[in-house]
Amino acid sequence: MKKLLISQDKCIGCGICVSVCPAYHLTIKEKKSVEEDSLCIQCGQCQAVCPKEAITVERLASSPVIPTKDINHNITPEQLKDFYLTRRSSRFYNDKNISKETFDKLIKYATINDGSYFNIQTTEYAVIDERFQEFKKHLLYVLKDEIDKDRYMDLHGDQVNKNDFVRYFNMYMNGEFPKDPFFHEGRQAIAVFSKHPVDAAYGMTHIESMAHAMGLGGFWLGYAITASELEPEKMMDFFPEIDQTKRMYAIFVLGYPKTNYLRTTPKAETKITYM
Ligand SMILES: Cc1cc2nc3c(=O)[nH]c(=O)nc-3n(C[C@H](O)[C@H](O)[C@H](O)COP(=O)(O)O)c2cc1C
Ligand code: SF4
Ligand code: SF4
């Protein structure tokens with residue numbers, strides 16, 4: 001089936017599109033690129049590589065493509081590694097709130113080049129700001145329900161001491177613990193929704209890095225991930241504006257960090273197996 005618009009006027013039959021196609025969907029006939037009857041995955045690589053701008057993926061015809069060939073890719077692996085090293089999770093923030101413009105820039109920049117299978121891009125984001133306190137309450141009551149039903153601990157197994165966690169949680173909920181051990185000083189957050197958790201994690205990881213580049217800091221709210229794994233629909237109840245066939249897969253709480261860290265936190269070495 002045809003998936004592309006190929007301009008017969010512009011095409012010079014150079015075959016570069018043919019050489020990059022992962023579906024082997026293109027061939028050159030009579031000095032023009034033509035589609036075979038195969039599984040075009042609509043990856044857009046042929047469009048990205050064509051020197052004559054002769055190809056458009058039809059379904060994505062209204063999506064912008066951004067020229068990259070003049071961009072100087074001058075970041076070295078060492079610089080990128082050092083940038084990763086200075087990223088710390090931040091839970092304590094100064095009083096300045098993140099503006100809507102800053103959130104907009106953060107999310108747009110971070111996700112500008114995110115890929116997805118068939119370029120379907122099911123990922124979408126919500127900035128939780130004015131409704132933050134309400135969200136906190138919603139999440140804590142979903143968690144409380146799960147704890148009461150003993151399901152929370154089923155998921156976390158021996159990573160958490162059940163009695164300690166339940167005591168800590170109840171103390172906080174009863175106002176006997178003065179700090180917020182879940183959201184800390186968080187007042188704003190980004191939630192990510194998608195059809196598949198990998199898409200969501202991919203997008204949120206870029207947001208975490210871009211936030212660091214913009215002088216922001218934050219942390220992944222593991223409790224929200226747990227709540228969503230156990231009660232996906234209840235978590236989606238909080239977000240009626242979002243497509244309810246999607247799931248909320250991650251929350252990144254963020255602000256302007258108060259703390260300057262001097263070194264990395266201790267981490268187990270990444271295990272790599274060569275085979
Ligand atoms: C999936 C995931 C869930 C996390 N959940 C929480 C959380 O609920 N609360 C929190 O304070 N930090 C959370 N973190 C942050 C980790 O605790 C953090 O990575 C660790 O403290 C190491 O610190 P660093 O990121 O500064 O190196 C989470 C991190 C990840 C990747
Ligand atoms: S890369 Fe462009 S110009 Fe070259 S064959 Fe393909 S469509 Fe035609
Ligand atoms: S969109 Fe991807 S899969 Fe489809 S023809 Fe172009 S390169 Fe091949």
Side-chain angles (χ1 to χ4, degrees), residues 1-61 63 65 84-93 115 117-120 136 139-140 143 152 156 159-160 165 168-169 179-186 189 192 197 200-201 204-205 207-209 211-212 217-229 249-255 257 259-268:
M1 227 171 90
K2 295 259 181 288
K3 293 285 193 292
L4 309 174
L5 304 167
I6 305 177
S7 162
Q8 296 299 297
D9 292 344
K10 290 182 182 169
C11 178
I12 54 167
C14 67
I16 299 174
C17 54
V18 179
S19 70
V20 298
C21 176
Y24 312 101
H25 182 67
L26 294 167
T27 188
I28 301 291
K29 280 188 191 144
E30 294 167 14
K31 296 194 177 155
K32 299 287 172 195
S33 176
V34 293
E35 294 180 68
E36 301 268 26
D37 193 13
S38 67
L39 182 70
C40 165
I41 61 166
Q42 299 170 63
C43 69
Q45 289 257 318
C46 52
Q47 184 169 340
V49 83
C50 174
K52 295 290 169 192
E53 298 182 48
I55 300 190
T56 307
V57 178
E58 192 166 11
R59 184 178 54 85
L60 301 168
S63 304
V65 291
Y84 288 153
L85 284 176
T86 57
R87 181 212 56 77
R88 289 274 66 74
S89 294
S90 300
R91 299 156 180 111
F92 304 100
Y93 311 112
Y117 187 56
F118 271 66
N119 275 326
I120 291 168
K136 258 169 92 158
L139 172 64
L140 290 170
L143 282 182
Y152 184 89
H156 283 273
Q159 282 178 53
V160 189
F165 181 83
Y168 190 52
F169 186 88
K179 302 283 187 188
D180 179 341
F182 302 100
F183 292 84
H184 308 285
E185 289 183 358
V192 60
M204 197 61 109
T205 306
I207 285 179
E208 181 184 51
S209 295
H212 180 40
F219 65 96
W220 295 66
L221 188 68
Y223 300 104
I225 303 171
T226 303
S228 197
E229 271 180 283
Y249 283 118
I251 297 275
F252 192 62
V253 178
L254 72 175
T259 323
N260 275 326
Y261 291 94
L262 304 178
R263 56 194 67 82
T264 62
T265 59
K267 300 208 167 62

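Each residue takes its place number in the sequence, starting with 1. Predicted model, so just to flag it, every value in this text is computed and none were measured. Counting starts at 1 for both ligands and their atoms, following the listed order.
- Between Ile55 and Cys50, the shortest heavy-atom distance links the atoms N-SG, 4.5 Å.
- For ligand 1, the atoms lying closer than 4.0 Å to a non-hydrogen atom of Lys267 are 24 (P), 27 (O).
- Taking a cut-off of 2.8 Å, the protein N, O or S atoms nearer than that to atom 2 (Fe) of ligand 2 are Cys50 SG.
- The line from NE2 of His25 to OG of Ser33 is 9.0 Å long, rounded to the nearest 0.5 Å.
- Remark: among candidates Ile41, Leu26, Val18, Val20, the nearest residue to atom 3 (S) of ligand 3 is Ile41, based on non-hydrogen atoms.
- Separating the OG atom in Ser90 from the NE2 atom in His184 is a distance of 11.5 Å, to the nearest 0.5 Å.
- Atom NZ of Lys52 has 12 or fewer neighbouring heavy atoms from other residues, nucleotides or ligands inside a 6.0 Å radius.
- Scanning all heavy atoms of the two residues, the minimum distance from Tyr93 to Glu185 falls at N-OE1, 3.0 Å.
- In plain terms, the two heavy atoms of Ala23 and Ile41 that are nearest each other are CB-N, 4.3 Å.
- Considering backbone and side-chain atoms together, Phe219 places no N or O closer than 3.5 Å to any N or O of ligand 1.
- In this structure, the protein non-hydrogen atom closest to atom 5 (S) of ligand 2 is Gly15 N, 3.2 Å.
- When every heavy atom of Tyr24 is checked against every heavy atom of Glu36, the shortest pair comes out as O-CG, 4.2 Å.
- Within ligand 2, counting atoms from 1 as listed, the ones closer than 4.0 Å to a heavy atom of Gly13 are 5 (S), 8 (Fe).
- Shown here for Leu139 and Tyr223, the closest heavy-atom pair between the two residues is CD1-O, 3.9 Å.
- For CZ of Phe118, the number of neighbouring non-hydrogen atoms (other residues, nucleotides, ligands) closer than 6.0 Å is greater than 12.
- If you look at Trp220 next to ligand 1, the close heavy atoms, those under 4.0 Å, come from the backbone and the side chain alike.
- Residue Asn119 comes nearest to Gln42 through the heavy atom pair ND2-O, 3.0 Å, listed as atom of the first residue, atom of the second, then distance.
- Atom CD of Glu30 has 12 or fewer heavy atoms from other residues, nucleotides or ligands within 6.0 Å.
- A 6.0 Å sphere centred on OH of Tyr84 holds no more than 12 heavy atoms belonging to other residues, nucleotides or ligands.
- In this structure, atom 12 (N) of ligand 1 lies nearest to the protein heavy atom Arg91 NH2, 3.1 Å.
- Considering only non-hydrogen protein atoms, atom 2 (Fe) of ligand 3 sits nearest to Cys43 SG, 2.4 Å.
- Contact annotation for Ile28 and ligand 2: only side-chain heavy atoms (C-beta onward) come within less than 4.0 Å of the ligand.
- Each of the following atoms of ligand 1 lies closer than 4.0 Å to a heavy atom of Tyr223: 8 (O).
- Distances from atom 2 (Fe) of ligand 3 show that Cys40 has no N/O/S atom below 2.8 Å.
- Under 4.0 Å from ligand 3, the heavy atoms of Gln42 that appear belong solely to its backbone.
- Taking atom 8 (Fe) of ligand 3 as the reference point, the nearest protein heavy-atom neighbour is Cys21 SG, 2.3 Å.
- In this structure, atom 8 (O) of ligand 1 lies nearest to the protein heavy atom Gly222 N, 2.8 Å.
- Atoms of ligand 1 found under 4.0 Å from any heavy atom of Ile225, numbered from 1 in the order shown, are 1 (C).
- The protein heavy-atom contact nearest to atom 1 (S) of ligand 3 is Gly44 N, 3.3 Å.
- The shortest contact between atom 19 (O) of ligand 1 and any protein heavy atom is with Ser89 OG, 3.6 Å.
- Contact atoms of ligand 1 toward Arg88: 24 (P), 26 (O), 27 (O) (distance under 4.0 Å to a heavy atom of the residue).
- For atom 22 (C) of ligand 1, the nearest protein heavy atom (residue, atom name, distance) is Thr265 OG1, 3.5 Å.
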